[in-house]
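All residue numbers in this chain count up from 1 along the given sequence.
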Amino acid sequence: MSGFSKQFTYFICLVSAMGGLLFGYDWVVIGGAKPFYELFFNITDSPLMQGVAMTTALIGCLIGAMVAGWAADRYGRKPLLMVSAVLFTVSAIATGLFSDFILFNIARFIGGVGIGVASALAPMYIAEVSPAEIRGRMVSLNQMTIVLGILAAQIVNMLLARETTVAENQAWNIDWGWRWMFWAETVPAALFLVMSFFIPESPVYMKLKEEAPSSSPEGDTIVRSQGDEAPLGAVWGAAYRRVLLLGLVIAVFQQWCGTNVIFNYAQEIFVGAGFNVDGMFINIVITGIANVLFTFVALYTIEKWGRRTLMLIGAGGLGLIYLTLGTCYFFEVKGVMMVALVVTAISIYAMTLGPVTWTLLAEIFPNRIRGVAMATCTFALWVGCCTLTFSFPSMNAALGSSGTFWIYSAICICAFVFLFRRCPETKGKSLEQLEEELVTHTLCREQ
C-alpha cells in the first residue's frame, strides 16, 4: 500500500518507534528518581505532594492522547511525531534542570504530553506505512522499543541507587543523581527529533488530503473510504460503534490486566514476597529483561499465530497466573517461587497483550476515523493506567496481595470471554479489507 521499499519501510518504522523508547524510559525513570528528588524537594512527609509528582506526567498523557488524533488528521502524522520529539527533549532537559517543585512538575507534564502523543501516533503511523504481510511485526516493533526504554530506565536507576550506601554518593544523588536520570533521556530524544525530519508523511494521510495521486484500485478505495477527517462525534455513530467498543475494551484491558502494577509498585510486591531492597532492585531488572526477551518472541509469533490467538493466550494465561499468585500470597509463600510467577506473568504479557493491543488498535479502525478513534482508545488506555495506579495501594491495603491478584485474575477471565466472542483475526489483511469486514458488513447485517 505504501509503495516504499522494504528497507526504507524498516527505517521509517524504526524512527517512529523511537517514540516508544522514550515513552518507556520517561514512564519508568521517575520510580528510580523518586527517593532522591523527594529528599531534594523536602516532600518525604507529604503524601499529597508525592502523589502530585508521580501523576503529573500521567495527566499530560491523557491530554496528549486526547488531542493527538484530531491534530494528526488535520496536520498530518509526521508533524505530530516531530512535536512529540520536541516535547520529550524539552522535558528531559527541564526536569533535571529545575530546582523549583512547581517547574519540575510542569516539565514532567510536558513529557507526559509527549508520551500521550507518541503512544497514539507511533503505532498508527507504522500501520499505515507497512505492507499487510509485515504490519503486525512492524507495529510490535513499537512495543519492543517501549520495553527497551523501560529496561534502560531500570538499569540506570539501579546503577545510581546501588551507590547510596556511601554517604558522599547519597548526597550526590540527592543533589544531582536524580537529575542525571532524567538528563540521560536527552540523547535518544534529540536523536528522535533529528531522524524524524527524514521520514515521509503517511500515505494514508496523503491520500486523505489528496496530496498524492491514486492510480491503483486500492488507492481509490482509500480515498473513497476517507473523505475529510472525521469529527469526534462520527466515531460514536452507528457505523463505528461496535468496532470502537472493541477498541476501548482492548485498550483498557491492557492496563487492567494488572501487569503494570508490577513495574509501578515493585517494592510492595517483592517486599511482600520476602525480599529486601537490594533483592527488589535485582528482581526489577530481571522482570525488565524478561519483558524484552518475550517481546522479541512476539515479533516472530504475531504474523504466524495471529493477533486473536495471542490475545486469548494473554488473557487466559494471566488469569491462571494471577489466580496462582494470589493463592501463594494467601498461604504466605516466599522466595524464588514468587519471582518465577511474576516473571512468567511479565513474559506472557510481553508476548501477547503488550504488543498485540497496539497492533489491533492500529488495524481495526477504518481509514476515515483512524486518527480520532486511535486517540480515543489511547485516552481510555491512559485512564485505565491512572485508575490502576491509583487503586492498587488501596486494594492492596484492604484486600491484601492475595485478594488484589484474585481480582486481576477475574478481570482477565472476563476479558478472555469477551475476546473469544468479539476479537477478529486481522493477520495478513489489508486495512481496507478489515474495514469492509468489521464495519461495512456489520452495518449491513444490523440494517
Using only atom types and a distance under 3.5 Å, with no angle test, would you say the side chain of S430 pairs donor to acceptor with the backbone of Q433? yes
Can you tell me how far apart CH2 (W305) and OH (Y300) are? Round to the nearest 0.5 Å. 14.5 Å
Is the side chain of R77 donor-acceptor paired with the backbone N or O of A72 at a distance under 3.5 Å, no angle test? yes
Any side-chain heavy atom of V147 sitting closer than 4.5 Å to one from F294? no
If you define the side chain from C-beta out and look only at heavy atoms, does anything of R179 sit under 4.5 Å from Y37? no
Any side-chain heavy atom of V372 within less than 4.5 Å of one from Y240? no
To the nearest 0.5 Å, what is the distance between CG on L323 and OG on S402? 11.5 Å
Distance-only, no hydrogens or angles: does the T309 side chain make a donor-acceptor pair with backbone N or O of G306 under 3.5 Å? no
Is any side-chain heavy atom of F109 closer than 4.5 Å to a side-chain heavy atom of N105? no
How close do T426 and R135 get, counting heavy atoms only, and between which atoms? O-NH2, 3.7 Å
Heavy-atom neighbours of F8 CZ exceed 12 at 6.0 Å: yes
When every non-hydrogen atom of L434 is compared with those of E425, the smallest separation belongs to CD2-O, 4.5 Å
Would you confirm whether N157, through its side chain, and A153, through its main-chain N or O, come within 3.5 Å as a donor-acceptor pair? yes
Salt bridge (charged side-chain N to carboxylate O under 4.0 Å, His left out) contacts touching residues 296-317 (sequence neighbours left out): E303-R307, R307-E363
Which atoms form the tightest heavy-atom contact between L248 and A380, and what is the distance? CD2-CB, 3.6 Å
Where the side chain of K78 meets the backbone of S202, is there a donor-acceptor pair that is under 3.5 Å apart? no
Counting distance only, does the side-chain N/O of S16 pair as donor-acceptor with the main-chain N or O of C13 below 3.5 Å? no
Side chains of W382 and S119 only: does a donor on one sit below 3.5 Å from an acceptor on the other? yes
Validation row: P123, T359 side chains within 4.5 angstrom (heavy atoms): no
Which salt bridge (charged side-chain N to carboxylate O under 4.0 Å, His left out) pairs, counting each pair once, include a residue from residues 406-422, with sequence neighbours left out? none
Correct closest heavy-atom pair for F420 and L312 would be N-CD2, 3.6 Å
For the residue pair E201 and P79, establish whether any side-chain heavy-atom pair is separated by less than 4.5 Å. yes
side-chain contact (heavy atoms from CB on, under 4.5 Å) between M311 and F416, intermediate numbers included: CA-CA 8 Å; M311 290 293 287; F416 178 89; over 6 Å; no
When you compare the side chain of L21 with that of M144, does any pair of heavy atoms fall below 4.5 Å? no
Value rounded to 0.5 Å, distance of CG in L151 from CD1 in I146: 14.0 Å
Side-chain (S91) to main-chain (L87) donor-acceptor, under 3.5 angstrom: no
Can you name the nearest heavy-atom pair linking Q154 to T287, along with the distance? NE2-OG1, 4.3 Å
Separation of N142 CG from T295 OG1 (nearest 0.5 Å): 11.0 Å
S409 side chain to F405 main-chain N or O, any donor-acceptor pair under 3.5 Å? no
Output yes when a side-chain donor or acceptor of S130 lies under 3.5 Å from a complementary backbone atom of A127, and no otherwise. no
Report the residue from T95, D26, T56 that forms a side-chain hydrogen bond (donor to acceptor under 3.5 Å, both in side chains) with R108. D26
Qualifying residues under ring pair (Phe, Tyr, Trp, His ring centres under 6.0 Å), relative to F253, sequence neighbours excluded: none
Where do F365 and L244 land on the side-chain contact (heavy atoms from CB on, under 4.5 Å) test, with the steps shown first? CA-CA 8 Å; F365 297 115; L244 180 64; 4.2 Å; yes
Using the rule given for side-chain contact (heavy atoms from CB on, under 4.5 Å), can you reason through I250 versus L419, listing the C-alpha separation, both sets of side-chain angles and the distance that settles it, and then say yes or no? CA-CA 8 Å; I250 290 173; L419 293 170; 4.1 Å; yes
To the nearest 0.5 Å, how far apart are SG in C412 and CD1 in I321? 10.5 Å
Pairwise distance CD1(I289) to CD1(I346) - rounded to 0.5 angstrom: 12.5 Å
W256/Y322 aromatic ring centres below 6.0 Å: no
Stepwise, does the side-chain contact (heavy atoms from CB on, under 4.5 Å) test hold for V139 with Y125? CA-CA 9 Å; V139 177; Y125 175 85; over 6 Å; no
Taking every heavy atom of A251 against every heavy atom of L361, the minimum-distance pair comes out as CB-CD1, 4.1 Å
Counting distance only, does the side-chain N/O of T259 pair as donor-acceptor with the main-chain N or O of Q255 below 3.5 Å? no
Close side-chain approach of V156 to Y25, heavy-atom, < 4.5 Å: yes
